[in-house]
Amino acid sequence: MYSLNYKVTTSTCDSEGRLKLYSALQMMQDCSEMWIDSEPGVKQYFTEQNMAQLLATRQVEIVRVPEYKEELTVTTSVYGMKPMFGFRNTFIYDAEGRPCYKTWSMGAFVDKQAGKLKRVDDATIASMNLEPQLEMNYKDRRIMLPKTEGTILEPIRVLRADIDYNKHLNNANYVRMAMELLPDDFVVSGLRVEYRVAAKLGDMLVPTIYKLDNVIIVSLSIGEDVSAIIEFT
């Protein structure tokens with residue numbers, strides 16, 4: 001298990017002084033990325049093989065939204081490993097050790113140069129320190145779009161500030177963009193994201209929004225390809 005300590009600061013708060021979901025996702029993402037430092041064998045293998053782990057799906061349960069100046073601890077641990085995919089829990093706890101956010105995610109192992117899935121060898125998988133899967137309400141990683149017709153909205157351009165060191169639209173920014181399309185009175189208690197085709201600088205993401213009972217789904221597409229699907233509950 002790997003952990004990072006945070007405080008809810010001004011830049012991570014919304015207008016009500018509560019931690020933004022976007023900021024919470026950034027904390028989870030940072031902790032997951034830093035985790036590889038706790039697995040030197042895996043880190044060396046990925047470096048030698050010119051590989052990266054890209055997020056394929058994430059589910060978030062929001063138990064309680066922390067407030068300004070709260071002390072938080074983010075922990076991440078891998079509970080499953082396959083040749084081309086890894087599975088992890090990333091939780092955010094308050095100062096009393098109570099969970100505020102519970103998440104699980106699946107990452108895909110990719111060759112950086114080819115941009116395609118690449119297998120991790122058996123020896124590296126065997127060297128991994130796997131930990132117990134944590135308790136939460138696990139949902140399917142695939143998000144099915146409703147058969148009803150959605151509402152197509154104005155395209156969103158991917159800006160320089162949206163890009164991370166993988167030269168793609170950062171994972172948390174998909175959610176940030178989609179949240180701007182939610183009604184003001186929609187309170188998010190859960191989230192699922194399925195990442196399909198990575199958006200790059202200058203791409204125009206076309207949102208299609210589907211409104212169901214207590215659920216809003218936003219599909220972000222580049223031309224004919226779905227880039228990501230975000231489900232808010």
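Everything numeric here is computed off the predicted structure, so don't read it as measured data.
The ring-ring contact (aromatic ring centres under 6.0 Å, His included) test applied to Phe87 returns no partner, not counting sequence neighbours. Applying the salt bridge (charged side-chain N to carboxylate O under 4.0 Å, His left out) rule to Lys7 yields the partners Glu71; only residues at least two apart in sequence or on another chain are considered. The ring-ring contact (aromatic ring centres under 6.0 Å, His included) test applied to Tyr45 returns no partner, not counting sequence neighbours.
Of all non-hydrogen atoms in Arg157 and Met177, the two that sit nearest each other are O-CE, 4.4 Å. Among all heavy-atom pairs drawn from Gln113 and Asn50, the shortest one is N-ND2, 3.8 Å. Listed here is the closest heavy atom pair of Gly86 and Phe109: N-CZ, 3.5 Å.
Tyr2 is not listed as a side-chain neighbour of Glu39, based on a closest heavy-atom distance of 4.5 Å or more.
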Sequence neighbours left out, cut at 3.5 Å: what donor-acceptor pairs do the side chains of residues 202-228 make with other protein atoms?
| unit_1 | atom_1 | unit_2 | atom_2 | d |
| --- | --- | --- | --- | --- |
| Asp203 | OD2 | Lys200 | N | 2.8 |
| Ser227 | OG | Tyr174 | OH | 3.2 |
| Ser227 | OG | Val197 | O | 2.5 |

List the atom pairs, with distances to 0.1 Å, where a side-chain N or O of residues 181-193 and a protein N or O form a donor-acceptor pair under 3.5 Å, not counting sequence neighbours.
| unit_1 | atom_1 | unit_2 | atom_2 | d |
| --- | --- | --- | --- | --- |
| Ser189 | OG | Thr233 | O | 3.3 |
| Arg192 | NE | Glu231 | OE1 | 2.9 |
| Arg192 | NH1 | Asp140 | O | 2.6 |
| Arg192 | NH1 | Arg142 | O | 3.2 |
| Arg192 | NH2 | Glu231 | OE1 | 3.4 |
| Arg192 | NH2 | Glu231 | OE2 | 2.9 |

Can you give me every donor-acceptor pair (side chain of residues 117-126, partner residue at least two apart or in another chain, under 3.5 Å) with its distance?
| unit_1 | atom_1 | unit_2 | atom_2 | d |
| --- | --- | --- | --- | --- |
| Lys118 | NZ | Gln49 | O | 3.2 |
| Lys118 | NZ | Gln49 | OE1 | 3.2 |
| Asp121 | OD1 | Thr124 | N | 2.8 |
| Asp121 | OD1 | Thr124 | OG1 | 2.6 |

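Asn170 contributes a side-chain N or O that, together with a main-chain N or O of Ala172, makes up a donor-acceptor pair within less than 3.5 Å.
Under the 4.5 Å side-chain heavy-atom criterion for grouping Ile, Leu, Val, Met, Phe, Trp and Tyr, Trp104 is connected to Phe85 within one hydrophobic cluster.
Going from atom CE of Met27 over to atom OG1 of Thr73 covers 10.5 Å, rounded to the nearest 0.5 Å. Note that OH of Tyr195 and OG1 of Thr57 are 8.5 Å apart. Values are rounded to the nearest 0.5 Å.
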